[in-house]
Amino acid sequence: MREKAWEVVGLNEHEVPSLRRQVETAVSDAISQALPELAGADPVVRRSEHADFQANAALALAKRARRKPADLAASVADALRRDIGTDTDTDADTGTPVASVTVSGPGFINLVASDTALWRQVAARLASRHLGVGTPQQGRRTVVDYSGPNIAKEMHVGHLRTTIIGDCLSRVLGFLGAEVLRQNHLGDWGTQFGMLIEYLDEHPDVAWHHDELSDGTSTVSALNTLYRAARAVFDADPDFADRARRRVVALQAGDEASVTRWREIVAESEFAFSEIYQRLGVLLTAADSAGESFYNPWLPEVVGELTQAGIAVESDGALCVFSAEITGPDGEPVPLMVRKTDGGFGYDTTDLATIRYRIRDLKADRILYVVDARQALHFQLIFEAARRAGWLTDDADVTHVSYGTVLGPDGRPFKTRSGDTVKLMDLLDTAVGRAREVVTEKAHDLDPAELDQIAEQAGIGAVKYADLSTSRTKDYTFDVDRMVSFSGNTGVYLQYAHTRICSILRKAGDASAPVDTTLAPHPAERALILALDAFGDTLTEVGQTLEPHRLCGYLYDLAKAFTDFYEACPVLSVAQPTRGNRVALCRLSAETLRRGLNLLGIAAPERM
RNA sequence: GCCCUUGUAGCUCAGUGGAUAGAGCGAUCGCCUCCUAAGCGAUAGGUCGUAGGUCCGAUUCCUACCAAGGGCACCA
């Protein structure tokens with residue numbers, strides 16, 4: 001045996017192919033050898049309950065090969081065994097990762113990875129800067145449109161999913177090498193501002209700037225209240241309603257005083273949003289804002305282009321783009337309304353200007369709209385129109401990353417008892433408050449400041465994990481108690497696993513011992529290594545499917561695998577070289593969990 | 001009327017063209033001289049909406065139906 005001990009010297013940039021990929025290659029090669037006419041067929045390698053992996057290719061290929069699946073499997077298995085035979089004479093670095101092959105059932109090929117290969121993966125990932133994860137999204141310029149709160153309105157639970165899912169996808173795609181451009185499509189334009197500006201002007205005494213308000217009241221909260229007051233006056237007082245309408249016209253015409261006041265409202269609102277984003281650990285900043293008003297200057301040009309191309313046509317006094325694919329209840333094509341009868345522009349036009357800008361000016365290769373599923377038809381129409389206009393071509397990939405509605409316990413869209421939506425800040429306060437109770441109760445000699453910080457991290461993490469861990473497309477039932485529960489499959493479970501590892505590593509002292517690849521791993525070690533090794537494959541999948549819940553599921557499985565290891569394999573009390581290998585496993589587990597949590601946008605405290 | 005999404009354990013949800021469909025919560029019973037018990041083990045709980053079809057094999061793919069939710073012109 002010429003096994004070399006893997007020394008971790010500085011980090012390299014190497015991608016480390018997973019064992020599963022290596023096994024796929026080995027099985028593919030074996031298929032080519034045993035059955036040249038079937039070369040290139042999918043080896044159908046999966047994780048297995050009966051071995052480390054199983055290859056199901058024989059079952060699928062039997063008909064094409066006109067052989068019994070079991071015979072076919074036996075031939076492929078023989079070819080795989082020949083590789084194992086030669087491996088003892090060659091450098092282990094390039095040999096097959098497979099140690100044994102058996103055929104069972106109707107033609108399943110069960111594959112066990114070699115002990116050496118398992119430990120080699122651990123060492124190689126520890127030595128790599130990105131845990132050996134590759135960059136399949138390298139260089140892909142990806143616009144991620146998410147969050148999109150409305151100016152002068154409070155963010156509520158309805159904004160949670162778009163904000164958190166969009167942020168997670170930004171992080172994952174960025175980690176996989178994409179050039180991510182975050183875009184916050186603020187609702188910062190519309191007739192409601194006329195009313196609000198007029199009201200503020202007529203009541204100069206009311207406080208609403210963030211530096212005038214008492215703690216616990218946000219600018220948007222104050223503006224929200226003022227907006228409702230304005231609305232009430234608008235409905236009750238025809239003279240005020242007239243002045244408000246004139247104010248809309250003035251604002252749209254660029255009247256200086258009105259525009260200044262509008263800018264002030266936008267800036268104050270963005271200040272409030274940034275407080276929420278910071279608390280949530282969301283990467284969005286004011287630099288990512290490109291709201292509806294940003295596209296205003298281009299709307300006439302966009303409409304002109306569509307009209308000139310004959311795509312937009314006059315209908316009942318309005319200007320519309322009629323879908324060639326979809327019809328409405330009357331059997332007629334469904335329109336996008338690019339100019340209303342009164343000459344105004346709605347959000348159809350804004351969204352067309354937006355997609356044109358993202359392709360033409362931002363030069364996006366991929367655009368993701370993280371928006372409520374109810375807008376599916378709208379985006380279908382926008383994408384269709386953009387194609388017909390020639391803005392959107394096959395060079396760009398545009399996806400509506402839709403997600404389900406947040407429902408209350410009654411299965412209806414979520415509202416509080418009073419009929420209002422739940423404010424996002426209130427939800428976060430509740431979650432952090434509950435977390436503080438638990439942290440206080442369990443506190444392991446933490447000072448008050450540390451306790452506060454951990455309560456914050458656990459509470460916010462719980463809310464985010466609850467949202468990210470369920471599949472995107474389904475509606476989901478909002479339940480504060482479940483969201484802020486800290487046992488079972490929750491964000492806290494992952495954080496807790498991480499703190500336990502950190503505790504071991506603190507006590508282990510210098511953790512840079514080399515990995516001994518000749519040791520036979522304990523079953524719990526084997527399971528943990530196989531879980532750790534699948535990190536990159538999981539991320540690649542998330543990058544393709546745009547489904548963060550797969551990452552949550554993976555990290556939960558990983559944390560469970562670590563917990564099993566923790567229960568079964570003492571680290572500090574065993575002798576070398578076992579201790580060194582277990583410390584290495586702890587290090588890789590901690591780094592993988594930390595990185596995984598980071599990609600979910602969840603903090604990974606070292607103690608709790 | 002047409003289109004989209006969803007029906008899996010009491011509840012909330014994963015899951016896959018393949019071997020015995022999983023997890024958490026809730027319930028019952030256990031486990032801290034031992035690296036953090038926010039943990040672990042065990043028991044209980046299922047005709048994977050219904051009916052057909054494709055397939056060696058379907059909870060997974062296809063069709064129809066049933067049920068729930070959503071969407072389809074001047075609000076965004």
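Not measured: the values here are computed from a predicted model. In what follows, chains carry the letters A, B, and so on, assigned in the order in which the sequence lines appear, proteins first and then strands, with residues in each chain numbered from 1.
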Separation of the C1' atoms in B:rA23 and B:rC48, to the nearest angstrom: 16 Å
Rounded P spacing from B:rG15 to B:rG22 in Å: 15 Å
Measure distances between side-chain N and O atoms of A:N56 and base N and O atoms of B:rA19, and say whether any donor-acceptor pair falls under 3.5 Å. no
Under 4.0 Å, heavy atoms only, any strand: does A:D481 hit a base, just the sugar-phosphate, or nothing? nothing
Main-chain N/O of A:E292 paired with A:D188 side-chain donor or acceptor, under 3.5 Å: yes
How many angstroms lie between CG in A:L336 and CG in A:D351, if you round to the nearest 0.5 Å? 9.0 Å
Does the ring center of A:Y369 lie less than 6.0 Å from the ring center of A:F383? yes
Should the pair A:F379 and A:H400 be assigned to parallel (<30°), tilted (30 to 60°) or perpendicular (>60°) ring geometry? tilted
Report which part of the nucleic acid A:T563 touches: base, sugar-phosphate, or nothing (heavy-atom distance under 4.0 Å, all strands). sugar-phosphate
Return whichever of A:G331 or A:M608 has its heavy-atom-nearest nucleotide of RNA chain B closer to the 5' end. A:G331
Which part of the nucleic acid does A:V439 contact within heavy-atom distance under 4.0 Å: base, sugar-phosphate only, or nothing? base
Measure from the side chain of A:I454, starting at C-beta and using heavy atoms only, and say which of B:rA38, B:rG15, B:rA19 lies closest. B:rA38
Nearest-Å distance for atom pair CG/C1', residues A:L555 and B:rA14: 15 Å
Is the shortest distance from a Lys or Arg side-chain nitrogen in A:E24 or A:R21 to a carboxylate oxygen in the other one below 4.0 Å? yes
Interatomic distance where CG belongs to A:L407 and C1' belongs to B:rU12 [whole Å]: 13 Å
Pair pattern of RNA chain B in dot-bracket, where unpaired bases get dots and | marks partners in another strand, Watson-Crick or G-U under 3.5 angstrom: (((((((..((((....[...)))).(((((.......))))).....(((((..]....))))))))))))....
For a quick test of reading the model, state the closest non-hydrogen atom pair linking A:D348 to A:I382 and the distance between them. O-CD1, 3.6 Å
Protein and nucleotides 24-35 of chain B: nitrogen or oxygen contacts under 3.5 angstrom:
unit_1	atom_1	unit_2	atom_2	d
B:rC35	O3'	A:K507	NZ	2.9
B:rC35	O2	A:L572	N	3.3
B:rC35	N3	A:V571	N	3.2
B:rC35	N4	A:Y566	O	2.6
B:rC35	N4	A:C569	O	3.0

Going by the angle between their ring planes, with limits at 30° and 60°, are A:F565 and A:F562 parallel, tilted or perpendicular? tilted
Quick check against the 3.5 Å criterion: does A:R579 have a side-chain atom that pairs as donor or acceptor with the backbone of A:A508? yes
Tell me whether A:S48 contacts the main-chain N or O of A:H50 through its side chain, where contact means a donor paired with an acceptor under 3.5 Å. yes
Could you measure between the two P atoms, the one in B:rA38 and the one in B:rG26, and give it in whole Å? 15 Å
Base, backbone or nothing for each nucleotide of nucleotides 54-59 of chain B, written B, S, -, heavy atoms under 4.0 angstrom, 5' to 3'? -SB---
Under 4.0 Å between a side-chain nitrogen and a carboxylate oxygen: does that hold for A:D372 and A:R161? no
If I take atom CG from residue A:L585 and atom CD1 from residue A:I529, how far apart are they, to the nearest 0.5 angstrom? 5.0 Å
If we ignore hydrogens and angles and just use 3.5 Å, is the side chain of A:R20 paired with the main-chain N or O of A:R47 as donor and acceptor? no
So, under a plain 3.5 Å distance rule, would you say the side chain of A:T470 forms a donor-acceptor pair with the base of B:rA14? no
With syn defined as a glycosidic angle within 90° of 0 and anti as everything else, classify B:rC31. anti
Taking the ring of A:Y493 and the ring of A:Y465, is the distance between their centroids below 6.0 Å? no
Separation of the P atoms in B:rU60 and B:rA51, to the nearest angstrom: 12 Å
Main chain of A:D475, side chain of A:T405: is a donor-acceptor contact present, judged purely on distance under 3.5 Å? no
Run the salt-bridge test on A:K560 and A:D564 with the 4.0 Å N-O cut-off and return the result as yes or no. no
Spell out, as yes or no, whether a donor-acceptor pair under 3.5 Å connects the side chain of A:R472 to the backbone of A:S402. yes
B:rC2 P sits how many Å from A:L381 CG, rounded? 19 Å
Should the ring pair A:Y347 and A:H378 be called parallel, tilted or perpendicular, given that the plane angle runs from 0 to 90° and is split at 30 and 60? parallel
Has A:F108 got its ring stacked on the base of B:rA19, with centres under 5.5 Å and planes less than 30° apart? yes
For A:A466, is there any backbone N or O sitting under 3.5 Å from a side-chain donor or acceptor partner on A:T470? no
Taking the C1' atom in each of B:rA68 and B:rG30, what is the distance between them to the nearest angstrom? 42 Å
Treat primed atoms plus P, OP1 and OP2 as sugar-phosphate and everything else as base, then score nucleotides 70-76 of chain B 5' to 3': B for base contact with protein heavy atoms under 4.0 Å, S for sugar-phosphate contact only, - for none. SSBBBSB
Classify the nucleic acid contact of A:E547 as base, sugar-phosphate or nothing, counting any heavy atom under 4.0 Å across all strands shown. nothing
Distance check, C1' atoms only: B:rA21 and B:rA58, in whole angstrom units. 13 Å
Quantified in whole Å, what is the P atom distance between nucleotide B:rU50 and nucleotide B:rU8? 10 Å
note: A:R46, atom CZ; B:rG17, atom P; distance rounded to Å ~ 6 Å
Protein and nucleotides 41-46 of chain B: nitrogen or oxygen contacts under 3.5 angstrom:
none

Provide, to the nearest angstrom, the distance between the NE2 atom belonging to A:H549 and the P atom belonging to B:rA14. 6 Å
Report yes or no: does A:T162 contribute a side-chain atom to a donor-acceptor pair with the main-chain N or O of A:V370 at less than 3.5 Å? yes
Quick one: CZ on A:R607 to SG on A:C502, what's the gap to the nearest 0.5 Å? 9.5 Å
Hey, is the main chain of A:Y566 close enough, under 3.5 Å, to the side chain of A:R500 for a donor-acceptor pair? no
Say you pick atom P in B:rC2 and the same atom in B:rC65; how far apart are they, in whole Å? 9 Å
Taking atom C1' of B:rC40 as reference, at what distance in whole Å does atom OH of A:Y496 sit? 10 Å
List every contact pair, protein side and nucleotides 3-8 of chain B side both N or O, where the distance is under 3.5 Å.
unit_1	atom_1	unit_2	atom_2	d
B:rG7	OP1	A:K474	NZ	2.9

